[in-house]
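Read through the structure below, which is laid out as structure tokens, and then see the notes.
Values below: all heavy atoms of this structure, side chains included; hydrogens, waters and symmetry mates excluded.
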Amino acid sequence: MPYILAFIGGYLAGSMPTAFLIVRRTAGKDIRLSGSGNVGGFNAFLVTNSRWTGIIVGVIDGLKGLAVALLSWKLAADSFWVQGVAVLAAIVGHNYSIWLRFKGGRGLATGAGGFFGFGVGYTVAWCLTWFTVYRLSH
């Protein structure tokens with residue numbers, strides 16, 4: 001039962017479309033129809049041409065992952081696996097938001113924030129992996 005609750009809670013927290021809401025509010029645009037179409041911090045920057053908007057969206061998305069990791073850790077008596085399910089669900093929720101007809105971002109900031117809840121080393125490994133894959137593919 002804790003795994004089901006962790007998944008549902010993580011998914012709902014991750015599915016909050018912060019980039020969509022912030023870009024709609026600040027620029028009056030649908031972020032899904034501009035730039036890369038992803039609902040995340042980098043596309044928020046591209047669509048609004050505002051670094052601050054991109055940074056704010058990225059930080060909030062990271063905080064979603066961190067909050068899920070910390071809350072699930074606290075509520076599930078320090079269970080690593082329940083925490084992992086909750087963070088994975090937050091990433092899935094960010095990528096396939098129920099509020100945006102199962103479209104969303106790539107989950108990079110949400111994942112980084114969630115891994116930060118496990119420990120700084122996990123976040124460093126996540127960022128190094130992303131950077132390596134990004135450099136090799138571009």
List, by chain and number, the other hydrophobic cluster members for Ile60, where Ile, Leu, Val, Met, Phe, Trp and Tyr join if side-chain heavy atoms come within less than 4.5 Å, directly or indirectly. Ile22, Ile56, Val57
Which residue pairs satisfy the side chain to side chain donor-acceptor pair (under 3.5 Å) criterion with at least one member in residues 9-22, sequence neighbours excluded? Ser15-Trp99, Thr18-Asp61
Nearest heavy-atom approach of Gln83 to Gly117 is NE2-O, 3.4 Å
Pairwise distance OG1(Thr53) to CG(Asn43) - rounded to 0.5 angstrom: 12.0 Å
Polar side-chain atom of Asn95 near backbone of Gly107 as donor-acceptor pair, under 3.5 Å: yes
Would a 4.5 Å heavy-atom cut-off, applied to side chains only, mark Leu128 and Val124 as touching? yes
Rounded to the nearest 0.5 Å, what separates atom OG in Ser79 from atom CH2 in Trp73? 12.0 Å
In chain order, what residues pass the ring-ring contact (aromatic ring centres under 6.0 Å, His included) check against Trp126, with sequence neighbours excluded? Phe115
For Ile55, give me all partners under side-chain contact (heavy atoms from CB on, under 4.5 Å), at least two apart in sequence or on another chain. Val59
Within a strict 4.5 Å, meaning less than it, do heavy atoms of the Tyr122 and Phe116 side chains meet? no
Kindly give the cluster partners of Leu71, where membership spreads through any ILVMFWY side chain lying under 4.5 Å from a current member. Leu75
Please tell me whether Leu70 and Leu63 are part of a single hydrophobic cluster in this structure, the criterion being side-chain heavy atoms less than 4.5 Å apart. yes
Just grab all the side chain to side chain donor-acceptor pair (under 3.5 Å) pairs involving residues 128-138, residues at least two apart or on different chains. none
Phe102, Leu12: one ILVMFWY side-chain cluster at the under-4.5 Å cut-off? yes
Where is the tightest heavy-atom contact between Ile31 and Val47, given as atom of each residue plus distance? CG1-CG2, 4.0 Å
Give the minimum heavy-atom separation between Ala89 and Ala6, together with the two atoms involved. CB-O, 4.3 Å
Can you tell me how far the CG atom of Asn38 sits from the CG atom of Leu108, to the nearest 0.5 Å? 9.0 Å
Sort and list the pairs that fulfil salt bridge (Lys or Arg N to Asp or Glu O under 4.0 Å) and have at least one residue in residues 23-37, not counting sequence neighbours. Arg24-Asp30, Asp30-Arg32
Please list all pairs meeting salt bridge (Lys or Arg N to Asp or Glu O under 4.0 Å) that have one or both residues in residues 96-117, counting only residues at least two apart or in different chains. none
Are Met16 and Leu21 linked, directly or through other ILVMFWY residues, by side chains that come within less than 4.5 angstrom of each other? no
Quick check: closest heavy atoms across Leu100 and Pro17, and the distance to 0.1 Å? CD1-CB, 3.5 Å
Taking Val85 as the starting point, is it possible to reach Phe80 by hopping between hydrophobic residues whose side chains are less than 4.5 Å apart? yes
Using a 4.5 Å side-chain heavy-atom cut-off and chaining through intermediate ILVMFWY residues, the residues clustered with Leu5 come out as Met1
Kindly give the cluster partners of Leu46, where membership spreads through any ILVMFWY side chain lying under 4.5 Å from a current member. Phe42, Phe45
Pairs meeting criterion salt bridge (Lys or Arg N to Asp or Glu O under 4.0 Å) with involvement of residues 8-17, two or more places apart: none
What about Trp81 and Val68, same hydrophobic cluster or not, with Ile/Leu/Val/Met/Phe/Trp/Tyr joined at side-chain heavy-atom distances under 4.5 Å? no
Who passes side-chain contact (heavy atoms from CB on, under 4.5 Å) against Val87, sequence neighbours left out? Ala69, Ile91, Phe118
So does Gly14 get a backbone contact from the side chain of Lys64, meaning a donor-acceptor N/O pair under 3.5 Å? yes
